[in-house]
Enquirer: 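Can you keep this structure in mind? I'll have questions shortly.
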Amino acid sequence: MAFPWSRSSWTTKDVAQDVKYPDPAHLQRVLSKIETLPPLVTPSEIERLRHQLSLVQDNKAFILHAGDCAESFDACTKENITAKIGLILSFSLILIWGARLPVIRIGRIAGQYAKPRSSGFENIGNRQVLSFRGDNVNGLDPDDRTPDPERLLSAYFYSTATLNHIRALLTSGFASLHFHHPRDWSLTHVRSPALRSQYERISSSLSDALDFTSTVGAGDGQPYETGGGRGVLGEVDFYTSHEGLMLPYEQALTRLLPIPHLLRPATPEIETPKAFYNTSAHFLWIGDRTRQLTGAHVEYFRGVRNPIGIKVGPSMQNSELVELLDIINPNKEQGRVTLITRYGAAKIDAHLTSHIVAVQHSGHPVAWICDPMHGNTQTSASGLKTRQFSDIISELTACLHIHAVANSVLGGVSLEFTGELNDEGFSVTECLGGSMELSEEELGLRYQTFCDPRLNFEQSLDLAFLVSNHLKEIRQGSSDAKHRDILLSELGGRKTN
């Protein structure tokens with residue numbers, strides 16, 4: 001039997017990735033202030049996401065979870081936020097074309113400021129300093145590594161500013177398709193003629209479909225700015241997410257609130273049902289380093305009503321996964337748990353099938369999504385962290401194949417990408433390969449991440465076209481793998497039988 005849960009019951013457990021503050025009283029003053037500040041998200045939005053994730057479990061929707069590995073305070077600008085949201089919208093548009101399913105857009109944004117580390121210290125030159133733990137803990141500068149509670153307060157306000165700009169964009173016509181029409185996508189970066197031909201074929205089909213919707217009246221009419229509505233195609237849901245790493249911060253934003261769809265007039269006999277919501281984000285996940293069954297993070301997350309993601313890697317035992325599901329979702333509620341697999345291209349074949357079978361036998365309803373990024377990080381000859389695009393698509397295509405063989409369904413992808421451009425209009429250069437054939441010698445041109453390497457705009461579209469084409473083949477029951485094989489071979493992925 002589970003022990004009673006409270007917002008602070010996690011403090012009785014061992015805390016993985018704990019941060020030691022030199023002045024605990026200062027930390028408590030900051031947390032007390034955060035507890036008085038308004039929620040960033042609402043229970044109604046959280047419940048809407050839970051419902052939509054239940055559709056994913058029934059293969060009626062698809063998840064796009066994407067954004068930075070870790071946000072920085074300095075990157076909280078109009079240009080960066082707009083570029084990220086624009087790329088997520090473009091990517092989701094391509095997926096919708098192929099899958100003919102609603103796409104649930106969840107950004108790694110407006111709160112993804114902390115990062116787990118394998119060691120509490122790192123060597124910089126001839127110095128040993130505390131590891132950089134993200135902007136909400138300490139600074140990237142080696143002389144600014146002392147954890148500062150004021151950074152938690154800054155994280156709240158930077159998250160608020162980011163979310164405010166996202167809401168402003170999406171409620172003022174930014175999602176309208178004319179901002180992200182396929183005809184505006186330049187394909188000049190695609191070096192392979194065969195691959196460019198495939199992209200042009202997909203883009204042309206998508207453009208024709210959008211033109212048709214506009215012709216029959218489903219597109220925008222009078223502009224929003226002059227009194228028109230946003231239109232069916234201009235309305236999108238967008239949700240925020242982050243890894244729930246900093247439990248004191250998460251506790252401060254956890255509120256006991258009425259469950260919206262169960263509201264009814266309160267009487268002395270019938271009390272309005274309430275639940276604890278984490279109001280810092282719509283969706284939070286437990287990382288591979290903090291999923292200990294008896295640890296503080298699992299204890300905290302079992303008690304909040306938000307939908308929860310769980311990272312599943314090669315070290316996860318089948319029995320451990322089922323027990324974790326029993327703790328987080330004892331009543332086996334739909335839409336509650338999303339499993340985010342991250343094995344690496346070389347390890348997925350050895351682990352995913354057994355995890356799928358274990359969950360199927362347990363009877364737990366879950367949404368499966370593939371993170372093909374974190375298991376495929378490597379170090380270049382120059383010392384920069386990078387990822388091979390071919391490894392990313394190899395893990396993703398293997399994941400699709402394994403789910404199909406196991407009579408399961410891959411319900412989404414979790415990606416680290418960015419639409420950021422430098423002052424000259426060029427994308428970042430952090431991951432190798434893709435249709436632009438980025439080489440190791442070119443990594444240093446625009447290497448901007450301070451955390452893990454991200455796909456740039458062009459590489460992200462590569463992945464979107466590949467996944468969309470695969471989902472289209474499944475939907476149509478196509479046995480002709482010609483187009484998929486061209487995409488795979490030109491992008492460097494391995495074929496599945």
Side-chain angles (χ1 to χ4, degrees), residues 15-21 27 65-76 80 84 106-124 128-156 158-159 162 240-250 253 278 280-281 283-292 295-297 300-301 309-311 313 340 342 371 373-379 383-387 414-418 420 428 430-431 447-455:
V15 183
Q17 298 288 319
D18 195 17
V19 175
K20 303 298 183 183
Y21 290 92
L27 172 64
H65 181 231
D68 276 315
C69 171
E71 296 174 274
S72 69
F73 293 164
D74 288 343
C76 181
N80 286 339
K84 291 175 189 176
I106 307 175
R108 299 171 56 109
I109 197 169
Q112 179 62 5
Y113 292 112
K115 53 182 294 187
R117 297 302 297 266
S118 56
S119 173
F121 294 87
E122 61 182 318
N123 294 318
I124 299 179
Q128 185 182 66
V129 298
L130 288 170
S131 294
F132 175 56
R133 297 289 301 274
D135 271 2
N136 64 354
V137 176
N138 54 8
L140 185 60
D141 188 318
D143 295 324
D144 190 21
R145 293 297 174 87
T146 301
D148 181 1
E150 293 295 332
R151 286 180 169 271
L152 292 174
L153 193 59
S154 295
Y156 172 88
Y158 277 109
S159 298
T162 300
T240 62
S241 72
H242 61 259
E243 180 177 356
L245 199 59
M246 301 294 293
L247 293 181
Y249 178 82
E250 305 302 343
L253 283 165
N278 183 313
S280 70
F283 178 89
L284 299 103
W285 73 87
I286 304 171
D288 207 39
R289 293 187 176 99
T290 56
R291 55 172 172 75
Q292 296 82 6
H297 289 80
Y300 169 77
F301 281 109
I310 300 173
K311 286 292 184 85
I340 309 170
R342 37 93 71 226
D371 167 6
M373 309 293 293
H374 282 92
N376 293 304
T377 306
Q378 61 188 60
T379 302
L384 294 174
K385 290 171 67 176
T386 189
R387 290 160 172 156
S414 179
L415 305 171
E416 291 180 347
F417 66 39
T418 179
E420 294 174 24
V428 303
E430 298 169 3
C431 291
Y447 194 93
Q448 297 177 2
T449 183
F450 67 91
C451 187
D452 286 343
R454 305 160 295 176
L455 298 171

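Only heavy atoms go into these numbers, but all of them, side chains included; no hydrogens, no water, no symmetry mates. Worth saying up front: this structure is predicted, and the values here are computed from it rather than measured.
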Enquirer: Ignoring hydrogens and geometry, is there a side-chain-to-backbone donor-acceptor pair from T449 to C451 under 3.5 Å?
Expert: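 At least one qualifying donor-acceptor pair exists.
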Enquirer: Compare all side-chain heavy atoms of V428 with those of R454 and state whether any distance is below 4.5 angstrom.
Expert: yes
Enquirer: About how many Å separate CG of L455 and OG1 of T418, when rounded to the nearest 0.5 Å?
Expert: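 The OG1 atom of T418 sits 10.0 Å away from the CG atom of L455.
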Enquirer: Among E71, H242, M246, find the residue that satisfies the side-chain contact (heavy atoms from CB on, under 4.5 Å) test when tested with Y113.
Expert: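 That would be E71; it is the only one of E71, H242, M246 passing the side-chain contact (heavy atoms from CB on, under 4.5 Å) with Y113.
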Enquirer: Rounded to the nearest 0.5 Å, what separates atom CZ in R145 from atom CG in L140?
Expert: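 Here the interatomic distance stands at 6.0 Å.
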Enquirer: With distance as the sole criterion, is a donor-acceptor pair present between the side chains of E250 and S280 under 3.5 Å?
Expert: yes
Enquirer: Counting only N and O atoms by type, is there a donor-acceptor contact under 3.5 Å from the side chain of Q378 to the main-chain atoms of K385?
Expert: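 Such a contact is absent between Q378 side chain and K385 backbone.
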Enquirer: Ignoring hydrogens and angles, tell me if any N or O in the side chain of D135 forms a donor-acceptor pair with the backbone of F73 under 3.5 Å.
Expert: yes
Enquirer: Any Lys/Arg nitrogen of D68 or K115 sitting under 4.0 Å from an Asp/Glu carboxylate oxygen of the other?
Expert: no
Enquirer: Picking from T290, I310, L284, what satisfies side-chain contact (heavy atoms from CB on, under 4.5 Å) with F301?
Expert: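 Output: one option passes, namely L284.
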Enquirer: Would you check if the side chain of R342 reaches a backbone N or O of M373 as a donor-acceptor pair within less than 3.5 Å?
Expert: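 Side chain of R342 to backbone of M373, a donor-acceptor pair under 3.5 Å: no, none is there.
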Enquirer: If we only count heavy atoms from C-beta on, is the K311 to H374 side-chain gap below 4.5 Å?
Expert: yes
Enquirer: Are F121 and L130 close enough that some pair of their side-chain heavy atoms sits under 4.5 Å apart?
Expert: yes
Enquirer: Where the side chain of T162 meets the backbone of A110, is there a donor-acceptor pair that is under 3.5 Å apart?
Expert: no
Enquirer: Can you give me the closest heavy-atom contact between G309 and I340, atom names plus distance?
Expert: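 Heavy atoms only, the tightest pair is CA-CD1, 4.3 Å.
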Enquirer: How long is the span from the OG atom in S72 to the CG atom in N136, to the nearest 0.5 Å?
Expert: 11.5 Å
Enquirer: Which value, rounded to the nearest 0.5 Å, describes the distance between L247 atom CG and H297 atom NE2?
Expert: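 Reported value, rounded in 0.5 Å steps: 3.5 Å.
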Enquirer: Tell me if a side-chain donor or acceptor on Q17 pairs with a main-chain N or O of P116 at a distance below 3.5 Å.
Expert: no
Enquirer: Do you know which two heavy atoms are closest between L245 and A114, and how far apart they sit?
Expert: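 That would be CD2-CB, 3.9 Å.
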Enquirer: Using the rule given for side chain to side chain contact (heavy atoms under 4.5 Å, CB included), can you reason through L27 versus L152, listing the C-alpha separation, both sets of side-chain angles and the distance that settles it, and then say yes or no?
Expert: CA-CA 9 Å; L27 172 64; L152 292 174; 3.8 Å; yes
Enquirer: Look at the side chain of T377 and the backbone N and O of R387, then say whether any donor-acceptor pair between them is shorter than 3.5 Å.
Expert: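 Side chain of T377 to backbone of R387: no pair is present.
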Enquirer: Taking the ring centre of each residue, are Y156 and Y249 less than 6.0 Å apart?
Expert: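 No, the ring centres sit 6.0 Å or more apart.
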Enquirer: Is a donor on one side and an acceptor on the other found under 3.5 Å between the side chain of N138 and the backbone of R133?
Expert: yes
Enquirer: Apply side chain to side chain contact (heavy atoms under 4.5 Å, CB included) to D144 and R151, showing your working.
Expert: CA-CA 12 Å; D144 190 21; R151 286 180 169 271; 2.8 Å; yes
Enquirer: Check the pair R108 / E243 against side chain to side chain contact (heavy atoms under 4.5 Å, CB included), numbers first and verdict last.
Expert: CA-CA 9 Å; R108 299 171 56 109; E243 180 177 356; over 6 Å; no
Enquirer: What is the minimum heavy-atom distance between Y447 and P453, and which atoms define it?
Expert: OH-CB, 4.4 Å
Enquirer: Any carboxylate oxygen within less than 4.0 angstrom of a Lys/Arg side-chain nitrogen, looking at K20 and D18?
Expert: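 A salt bridge is present here (some side-chain N lies under 4.0 Å from a carboxylate O).
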Enquirer: Please answer whether the main-chain N or O of G295 pairs with a side-chain N or O of Y300 as donor and acceptor at a distance below 3.5 Å.
Expert: no
Enquirer: In Å, rounded to the nearest 0.5 Å, how long is the span from OG of S154 to CG of D148?
Expert: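 The OG atom of S154 sits 8.0 Å away from the CG atom of D148.
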Enquirer: Sub-3.5 Å donor-acceptor pair from the side chain of E416 to the main-chain atoms of A66, do we have one?
Expert: no
Enquirer: Decide side chain to side chain contact (heavy atoms under 4.5 Å, CB included) for E420 and Q448; before the verdict, give the C-alpha distance in whole Å, the side-chain angles of both, and the deciding distance to 0.1 Å.
Expert: CA-CA 10 Å; E420 294 174 24; Q448 297 177 2; 3.6 Å; yes
